[in-house]
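Remarks on the structure that follows.
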Amino acid sequence: MTLDPATQIRRFTSDIIDEARLEKLLGEAQRPLRVKFGIDPTFTDVHLGHGVPMRLLRRFQLLGHLPVLIIGDGTARLGDPTGRNDQRPPLSVEEVAHNAATYLEQIGNLLDLDPKWCEVRHNSEWFGTMDFFDALKLASEGTAARLLERDDFRKRMDAQLPVHMHEMMYPLMQGWDSVMVESDIEIGGNDQLFNLHMGRQLQERHGQAPQVCLTTPLLLGTDGRKMSKSYGNHVGLNATAEEMYGKVMSLSDEGMADWFRLATDLEEAECQKLLAGHPRQAKDRLARLVTAQIHSEEAAEAAAQEFTRRFRGGELPSDIPVFQLAEPSWSLPNLMKEVKLAQSTSEARRLIQGGGVKLDGVALQDVKHVIELTAGGEGLVLQAGKRRFARLFLA
RNA sequence: GGGGAGAUACCUAAGUGGCCAACAGGGAUGGACUGUAAAUCCAUUGGCUCAGCCUUCAGAGGUUCGAAUCCUCUUCUCCCCA
């Protein structure tokens, strides 16, 4: 990758507020810049989409600057309304602490969390000691009209959905974080622009230089929609190498260019070359790069081989979960429930009738089929759909 | 505080006394095709001891041979007025 800091940073940004100031800050470099990034500990499944700002933070870290991670244990109590069409459920203190720990653990592969190179703060530090009058004072720093202009609120109002007062406090709280940590730069997803701006506004009102705001582009999910666990199109940072490689391989062709840019460090020219070739080849390279980054070169290579063997060669996976069952004789639906290939008898029946169930490679379409288990040998391999397997033995 | 509207399965959304386990679309799952891409086509999408039965239409009661549909109360939301 090229050495010019601004170019490195631009690869991961869609909006830059006050580009001139960014250049100036980077140019002076008299001191490590404080680069703020807020983490909402409202969930535990961190995915590659969340990894994009991390990778940008890593760039800053490599350039000698200081990432300041804000664990929003105060803000999490209400939840960022950005992009939401409903209200978030409140979280308990324990949940928040657990989520934050899990989050940090997972991003450890992308960012150096050594206290020497990275500052981690909890915003309960300042919100926890605020009394009601302090909160009112903070509330007086923004206007309702400004907040209600926002798309997400606008849409909810139009759809006749509730917008609660406390949700409007969120941007102010995030902005206040910037004041408290005296950030020079704040990074956020590109839907965060409003919240980031609030930081500038509050900083100015409190005698600080307004932070530069950088937003990172959204890394789309494997199906081209916004990456989200609820769509099942995400690649979790805690996924195994195999899962990760496989997930990336299921990425739509259209999404590849963005993925090369946002999820790998591969040089621009090289990316273009790959994208011009066969999509499958390019995707394989992409999947290896992504996997290697979180796991290792070796793990990525192994995952690629296993993938090829399984899906191109049509062979069985090498790590089929083994079940030792006490009963020798099972009706097919019950057996599937027992080994978690189906959640209910009805689901099992659907799978069977749809032709998705195989025993040792042979499709079974009879719902009433009875399976007799045996003790020794290879056992029986039961398969549901393309990727769920169970190897069965009589205990 | 007053008046009006509304709450249906994962989501959107029909249904306004029996033909409703509940139209339609989306999503999801399975199958065909394939590069675990896209597009397309087919099937499925509450549960079960599955040609039958059981539990669902915000919650609790009630009317009726019979209710998601009618009545009462409760909870939540939206709109208008103050």
Side-chain angles (χ1 to χ4, degrees), chain A residues 83-87 89-90 148 153-165 167 220-235 239-260 274-288 290-291 303-317 329-338 340-359 361-370 382-389:
Chain A
R84 300 285 298 194
N85 49 20
D86 54 6
Q87 194 192 343
L148 293 172
F153 286 147
R154 184 83 268 150
K155 276 182 191 151
R156 271 159 65 177
M157 307 248 286
D158 286 349
Q160 310 209 321
L161 292 168
V163 174
H164 294 258
M165 306 281 295
E167 295 180 85
L220 295 175
T222 50
D223 58 359
R225 289 185 291 171
K226 181 185 172 178
M227 190 182 285
S228 158
K229 195 190 179 192
S230 49
Y231 289 149
N233 62 0
H234 70 303
V235 179
T240 64
E242 250 174 68
E243 286 167 342
M244 201 170 277
Y245 182 92
K247 281 270 196 171
V248 178
M249 286 306 279
S250 76
L251 173 68
S252 64
D253 290 359
E254 294 71 36
M256 273 200 291
D258 275 350
W259 277 62
F260 271 115
L274 281 164
L275 288 169
H278 191 291
R280 198 194 174 277
Q281 223 97 75
K283 218 173 282 176
D284 168 61
R285 182 72 188 283
L286 177 66
R288 282 168 192 257
V290 169
T291 308
Q305 284 184 12
E306 170 76 4
F307 180 88
T308 305
R309 202 175 63 74
R310 258 188 78 179
F311 292 102
R312 306 201 81 194
E315 293 174 46
L316 292 175
S329 180
W330 292 82
S331 81
L332 192 44
N334 282 339
L335 184 58
M336 288 172 67
K337 262 202 305 192
E338 181 68 22
K340 302 282 184 288
L341 290 181
Q343 294 202 328
S344 66
T345 310
S346 300
E347 187 190 329
R349 294 169 70 95
R350 269 178 242 134
L351 280 164
I352 296 162
Q353 285 167 344
V357 176
K358 289 180 187 170
L359 184 67
V362 182
L364 297 177
Q365 304 229 28
D366 179 11
V367 170
K368 299 211 164 118
H369 192 90
V370 174
L382 190 62
Q383 174 179 4
K386 250 177 246 176
R387 62 199 89 165
R388 282 140 62 213
F389 296 85

Between A:Asp284 and A:Arg288, does at least one N-O distance fall below 4.0 Å, as a salt bridge requires?
yes

Considering only side-chain heavy atoms of A:Asp223, which listed nucleotide, B:G35, B:G31, B:A28, is closest?
B:A28

If I take atom CG in residue A:Leu351 and atom C1' in nucleotide B:A28, what distance separates them, rounded to the nearest angstrom?
12 Å

Rounded distance in Å - NZ (A:Lys340) to P (B:U29)
20 Å

Under 4.0 Å between any heavy atoms, over every strand shown, what does A:Lys283 touch: base, sugar-phosphate, or nothing? Just pick one.
base

The residue, A:Tyr231 or A:Asn334, whose nearest nucleotide of RNA chain B is more 5′ is A:Tyr231

When you measure from the side-chain N and O atoms of A:Ser344 to the phosphate of B:C48, is any distance below 4.0 Å, counting only OP1 and OP2?
yes

A:His164 NE2 to B:C76 P, straight-line distance once rounded to whole Å:
11 Å

Watson-Crick or G-U wobble partner for B:U40, using a 3.5 Å limit on both distances?
B:A32

For a 4.5 angstrom cut-off between non-hydrogen side-chain atoms, does A:Lys340 reach A:Arg388?
no

When the distance from CG of A:Leu275 to P of B:A38 is rounded to whole Å, what number comes out?
17 Å

side-chain N/O A:Arg350 vs B:G47 OP1/OP2, d < 4.0 Å
yes

Scan A:Thr345 against the nucleic acid and name what it touches under 4.0 Å (heavy atoms): base, sugar-phosphate only, or nothing.
base

Tell me the interatomic distance from A:Leu274, atom CG, to B:A37, atom C1', rounded to whole angstroms.
16 Å

Would you mind classifying the nucleic acid contact of A:Arg312 as base, sugar-phosphate or nothing, using non-hydrogen atoms under 4.0 angstrom?
sugar-phosphate

Is the shortest side-chain N/O distance from A:Ser250 to OP1 or OP2 of B:A37 below 4.0 Å?
no

Counting only Watson-Crick pairs (N1-N3 plus N6-O4 or O6-N4) and G-U wobbles (N1-O2, O6-N3), all under 3.5 Å, who is the partner of B:C78?
B:G4

What's the CD-P distance between A:Gln365 and B:C50, to the nearest Å?
19 Å

For A:Phe311 and for A:Lys368, find the nucleotide of RNA chain B with the closest heavy atom, then tell me which residue's nucleotide is more 5'.
A:Phe311

Within the 4.5 Å heavy-atom criterion, are A:Leu382 and A:Leu332 side-chain neighbours or not?
yes

Who pairs with B:G27 - Watson-Crick or G-U, where each distance is under 3.5 Å:
B:U45

Quick one: are A:Met336 and A:Ile352 in side-chain contact, heavy atoms under 4.5 Å?
yes

The Watson-Crick or G-U wobble partner of B:A68, with both key distances under 3.5 Å, is none

Could you check whether A:Gly355 gets within reach of a base, just the sugar-phosphate, or nothing at all, counting any heavy atom under 4.0 Å?
sugar-phosphate

A:Glu347 atom CD is separated from B:G30 atom P, nearest whole Å, by 9 Å

Note: A:Arg350-A:Glu347 ion pair, threshold 4.0 Å (strictly below):
no

Is the side chain of A:Lys247 donor-acceptor paired with the backbone N or O of A:Thr222 at a distance under 3.5 Å, no angle test?
no

Closest to side chain of A:Ser252, choosing from B:G35, B:G47, B:A38
B:A38

